[in-house]
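Reading through the structure tokens given below for one structure.
Only heavy atoms go into these numbers, but all of them, side chains included; no hydrogens, no water, no symmetry mates. Note that ligands are numbered from 1 as they come in the structure, with each ligand's atoms numbered from 1 the same way.
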Amino acid sequence: MNGSKGVSLTRYLIEEQRAGRINGDLRLLIEVVARACKSIAHAVSKGALGGVLGDAGTDNIQGEVQKKLDVLSNEILIEANEWGGHLAGLASEEMDHCQPIPNVYPKGNYLLLFDPLDGSSNIDVNVSVGTIFSVLRCPDGVTEPNDEHFLQPGKTQVAAGYTVYGPSTMLVLTVGHGTHAFTLDREQGSFVMTQRDMRIPGDTKEFAVNMSNLRHWHPPMRRYIDELLAGKTGPRGKDFNMRWVASMVADVHRILTRGGIFIYPRDLKEPDKPGKLRLMYEANPMAFIVEQAGGAATNGYDRILDIAPSKLHQRVAVFLGSKNEVEIATRYHRETQ
Ligand code: AHG
Ligand code: MN
Ligand code: MN
């Protein structure tokens, strides 16, 4: 348990507040998000018995089919967060535009962004899914935020986290002072710290990528993966193993636990799109979490957290995880610029 036995999320957050690293509003906001994630965990775990599997019969703004759990998780997060008084607005992968806090409720200074249910393709086959969230400050003087107020680079995030609904439900969180993991104690109903200061090893022998897209990749991406596949007798001089859950939360969680590199590159399958994953709801929070654990995150060329967003639903290529691997993959891309 890493010397952290019995420290609940509530206690951890109060201690962070006492140390002057977060204020009371941010503490309560994270508590509310964690509570919403517990409700989602409950819904996910019921599976077919809860009638939550299958398609919702609608598409989101990206043209992706929404699952019932995408819609339900989105509703749970909105309902939990809109009346708490900590937020000025929220934005979700599943909503076309941001949603200001209704005027009947008090407003706060933060903006919340989330991917309510990550890994939708895995819901119906009983494989891990998750929730990803990011917290930004609302610009000074803005009480009715619109989409533009959310377009801040990832390095301005004040908190980010994800919950993975796996064999156990875990919440992984950073407020900019390390990355810590909490496991849901279902009897107590609370998240308990099970790993303080997660560290991603700099070197790895494991990569995560959807290999079925290989024929669509650009030359530097092909070169990088070819060298990994060449193993011991190739230029890298070691054998690599591969894993691909197809839920970013689960793949990133494995990398935080034992190292690795996660890649979703830009490719020629959809040449107009700069990648599949979303900058604001997936790449930015994960990059913050990974950097706080000693890892790195780029789009193949630049640090993810430095990217100035231009659209709420912007897509981006993602290379993240063990620092030395991310550096090699990024160097290959830069060399062919
Ligand atoms: P979402 O379910 O929120 O749309 O995200 C799915 C993402 C990500 O979780 C995962 O890494 C990736 O899509 C998997 O993509 P492929 O199905 O193309 O492998
Ligand atoms: Mn996702
Ligand atoms: Mn999603």
Note to self: Check this for me: Lys68, atom NZ, are more than 12 non-hydrogen atoms of other residues, nucleotides or ligands nearer than 6.0 Å?
What the structure shows: yes

Check: Step by step, would you call Ile132 with Tyr281 a side-chain contact (heavy atoms from CB on, under 4.5 Å)?
Finding: CA-CA 7 Å; Ile132 311 172; Tyr281 316 108; over 6 Å; no

Next item on the list: Quick one, list the residues around ligand 1 where some non-hydrogen atom comes in under 4.0 Å, by chain and residue number.
Entry: Glu93, Asp115, Leu117, Asp118, Gly119, Ser120, Asn210, Trp244, Ala246, Ser247, Met248, Phe262, Tyr264, Lys276, Leu277, Arg278, Glu282

Margin query: What I want to check is whether the side chains of Gln66 and Asn60 have a donor and an acceptor closer together than 3.5 Å.
Written below: no

Checklist line | Atom name of the N, O or S atom in Glu282 that lies nearest to the Mn ion (ligand 2) | finding: OE2

Check: Which class fits the ring pair Tyr224 and Tyr332: parallel under 30°, tilted 30 to 60°, perpendicular over 60°?
Finding: perpendicular

Notebook entry, point to check: Which protein N, O or S atoms lie under 2.8 Å from the Mn ion (ligand 3), given by chain and residue number?
Noted result: Glu93 OE2, Asp115 OD1, Leu117 O

Check: Has Lys311 got more than 12 heavy atoms of other residues, nucleotides or ligands less than 6.0 Å from its NZ?
Finding: no

Margin query: Using the ring centroid of each side chain, check whether His333 and Phe319 are separated by less than 6.0 Å.
Written below: yes

Margin query: Would Asn241 and Glu206 count as a side chain to side chain donor-acceptor pair (under 3.5 Å) here? Give the steps.
Written below: CA-CA 5 Å; Asn241 191 16; Glu206 203 160 70; 3.3 Å; yes

Margin query: Could you check, using the six-membered ring where one of them is a Trp, whether Phe262 and Phe207 have ring centers closer than 6.0 angstrom?
Written below: no

Check: Side chains of Asp118 and Ser247: donor-acceptor distance under 3.5 Å anywhere?
Finding: no

Item checked: Tyr110 and Asn81: side chain donor to acceptor below 3.5 Å -> no

